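Just so it is clear, the model here is predicted, and its values are computed rather than measured. Below, each value reflects all heavy atoms present in this structure, side chains not excepted, and no hydrogens, waters or symmetry copies.
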Amino acid sequence: MVKITAIRGFKDVLPEETPKWQFMEYTARSILANYGFREIRIPVMEKTELFTRGIGETTDIVEKEMYTFIDRGEESLSLRPEATASILRAVLEHNLHAVNPVLKLYTIGPMFRRERPQKGRLRQFHQIDAEVLGSEEPYVDAEVIALLMHLLHALGVNHVALEINSLGCAACRSKFREAIRIFLDAYVHSLCPDCIRRSKNNPLRVFDCKVETCRESLMNAPVITDYLCGDCQSHFLRVQEYLSLLSLSFVVNSRMVRGLDYYTRTAFEVTTDLLGAQNAVAGGGRYDGLSEDLGGPRIPGIGFAIGCERILALIKEEHTHNGPYLDIFIAALGEEAQKFALPFSQLLRRKHIKVETGPGGKSLKWLLKQADRTGTPYVLIVGENELNAGSLILRNMKNGEQRLISTSQLEEAIMKILRSEQN
RNA sequence: GUGGGUGUAGCUCAAGUGGUCAGAGUGCCGGGUUGUGGCCCCGGAGGUUAAGGGUUCAAGUCCCUUCACUCACCCCA
């Protein structure tokens, strides 16, 4: 019989690692709440059309990375490769923008892209995704970026760099595209095959190329920031002004492009040099046209996504210490002892004490060992002798001290000891 | 999708140019302590050496195929 394993690129998060995840999620939720964001939960699967229209037909994500299938021979469905399109779909579907013209929403959950797994890249990965809908004010851009940096800082992720750019509006973009196309035509002989392909489909992508000769050829290529219209230019300048006002350090990278077609104007990326090739820990941008692309009214928006697995790799251990998960362990010896321990455990649990009783048929030695393994600070030893005598043994596992506590005062005494332990 | 690296006990890893090489540490179970964890001592269980095929008197070791993991490209969080 062949052992069944998890599918490639899909990973288990084992009990050892879940405290780290919980720390990250808890921190994110509380800071997002500080900025007035509310949680929205969206399905992991959508009609494929949402993504082809939203993200863009010719992006790599849609072209070759989506998990798509035909549901019962009828409808094409896809696992979500990102969250923004779904959030906007939900907003439009429920007319949330009509109730509140400015929405701040976040979601945390798995995304799916069928790429070849490598360090920092899985097929099922997780994102913390935050979006502000309903305003195109540069003030919002700055605040969203500030939120992102605040969040990273709170998670103890410090060695990161913030890069920003403006991709302009549709008008700036088409002017720039034309300029790039003309420029690339002149260099067509010195470009790598990939870049020649890119220059046709998505000219901005050539700036991502790592081939040395291409980079040299592109040194003097036009940059988008030179083609911004007046409105986009002043928008971008104000974003930078506000970021400076917030004392956030950033670098303008006019060569930065993002992988989704819906981005307009402000785009940003946070990278680290601690993670190998997959160095982007978060990215985002403005998408003023997305709502209309999805058949809605004009709802400008801006948001970001944080890659949870990448962040987790950067979170320091001291934030995630794996403390004991029990307050007290009850070592019950024999049938009568277990009959005592069962209801008594319930009593303590109702008082929010974390308690576990060992399974039957085990020796005291085994039970103490079990308590030791789990780092439990106290063990209540319940044996036939103690029950008959009317007082039980409470053992302090750190120093080995034991004391007798009469069964009538047991609950009170244990609560008192555990409470002083917590202080 | 393309390329490189790696697959030996649950985990981390050993086994000169093919020839007692299937081992250690750790973890687990038991005993030393008939009811006291950690430290120490003793014992035990756990492997079709990823799978399949080939070369050979002989393969964990060499060759081929497949699979998995991993890193990088592509792309992105």
Side-chain angles (χ1 to χ4, degrees), chain A residues 2-9 11 14 16 55 58-65 80-84 108-130 148 152 160 192-195 197-198 202 205 208-211 256-260 268-272 275-285 303-314 329 331-334 337 358 362-387 392-402:
Chain A
V2 181
K3 211 195 276 182
I4 298 175
T5 57
I7 39 189
R8 180 203 267 272
K11 275 179 78 174
L14 301 176
E16 288 276 293
I55 298 170
T58 61
T59 56
D60 277 19
I61 292 178
V62 169
E63 218 167 44
K64 52 188 197 192
E65 295 173 5
R80 61 183 187 194
E82 58 107 38
T84 307
I108 301 176
M111 307 296 158
F112 305 86
R113 294 183 199 173
R114 222 202 103 96
E115 302 177 85
R116 190 87 168 255
Q118 69 183 76
K119 188 180 174 72
R121 193 171 70 188
L122 294 168
R123 290 182 171 186
Q124 179 186 136
F125 61 102
H126 296 75
Q127 291 187 333
I128 298 168
D129 190 277
L148 171 59
L152 294 175
V160 293
C192 71
D194 278 339
C195 281
R197 180 178 55 81
R198 290 190 190 106
N202 203 340
R205 286 257 159 254
D208 269 355
C209 191
K210 277 140 190 141
V211 177
M256 183 182 76
V257 284
R258 314 231 62 250
L260 303 93
F268 53 95
E269 208 164 81
V270 178
T271 55
T272 176
L275 287 182
Q278 308 306 316
N279 63 352
V281 298
F304 64 75
I306 299 177
C308 291
E309 283 81 0
R310 294 183 187 177
I311 288 295
L312 240 28
L314 296 173
F329 185 87
L333 302 163
K362 296 292 184 184
S363 66
L364 180 56
K365 186 189 178 108
W366 189 93
L367 293 164
L368 285 170
K369 199 167 182 174
Q370 180 63 17
D372 190 50
R373 254 196 281 263
T374 56
T376 310
Y378 288 96
V379 174
L380 183 69
I381 300 173
V382 187
E384 306 279 320
N385 300 343
E386 288 76 13
L387 278 178
L392 308 181
I393 298 170
L394 184 69
R395 180 179 177 84
N396 180 327
M397 294 296 281
K398 276 178 210 138
N399 55 24
E401 278 173 17
Q402 301 194 158

[atom1] atom, [N] versus [M]: distance in rounded Å?
| N | M | atom1 | answer |
| --- | --- | --- | --- |
| B:C62 | B:A45 | C1' | 34 Å |
| B:G7 | B:C13 | C1' | 13 Å |
| B:G4 | B:C63 | P | 15 Å |
| B:C64 | B:G18 | P | 16 Å |
| B:G37 | B:U49 | C1' | 37 Å |

Query raised in the report: Considering only heavy atoms and no angle criterion, is a donor-acceptor pair shorter than 3.5 Å present between the side chain of A:Arg310 and the base of B:C76?
Result: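 Indeed, a donor on one side and an acceptor on the other fall under 3.5 Å apart.
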Query raised in the report: Quick one: the side chain of A:Arg121 and the base of B:C75, do they pair up donor-acceptor inside 3.5 Å?
Result: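 Between B:C75 and A:Arg121, which were checked side chain against base, a qualifying N/O pair under 3.5 Å is present.
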Query raised in the report: Counting a pair only when it is Watson-Crick or G-U and both distances are under 3.5 Å, which runs of at least 3 such pairs involve RNA chain B?
Result: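 Output for stems: B:1-7 with B:67-73, B:10-13 with B:23-26, B:28-32 with B:40-44, B:50-54 with B:62-66.
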Report task. Could you pull out all residues at least two apart from A:Glu115 that satisfy salt bridge (Lys or Arg N to Asp or Glu O under 4.0 Å)? Result ->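 Per chain and number, A:Glu115 pairs via salt bridge (Lys or Arg N to Asp or Glu O under 4.0 Å) with A:Arg121.
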Report task. Name all residues meeting the salt bridge (Lys or Arg N to Asp or Glu O under 4.0 Å) criterion together with A:Glu269; count only those two or more places apart in sequence or in a different chain, and write none if there are none. Result ->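 Partners of A:Glu269 by the salt bridge (Lys or Arg N to Asp or Glu O under 4.0 Å) criterion, ordered by chain and then number, come out as A:Arg258.
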**Report entry** Contact letters for nucleotides 31-37 of chain B, in which S counts primed atoms plus P, OP1 and OP2 and B counts the base, heavy atoms under 4.0 Å
**Finding:** ----BBB
Query raised in the report: Does A:Gln127 place a side-chain N or O at less than 4.0 Å from the phosphate oxygens OP1/OP2 of B:A77?
Result: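 No.
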Report task. For B:C69, take OP1 and OP2 only and decide whether either is under 4.0 Å from a side-chain N or O of A:Arg8. Result ->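 Yes.
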Sort me out a list of protein N/O and nucleotides 8-13 of chain B N/O pairs below 3.5 Å, or just none if empty.
none

Report task. For the pair A:Val281 and A:Thr271, evaluate side-chain contact (heavy atoms from CB on, under 4.5 Å) and give the outcome as yes or no after the intermediate values. Result -> CA-CA 6 Å; A:Val281 298; A:Thr271 55; over 6 Å; no
**Report entry** Integer-rounded Å distance: B:A77 C1' and A:Asp60 CG
**Finding:**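 About 15 Å, once rounded to whole Å.
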Query raised in the report: Tell me the side-chain hydrogen bond (donor to acceptor under 3.5 Å, both in side chains) pairs involving residues 377-387 of chain A, sequence neighbours left out?
Result: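 Only A:Tyr378-A:Glu421 qualify under side-chain hydrogen bond (donor to acceptor under 3.5 Å, both in side chains).
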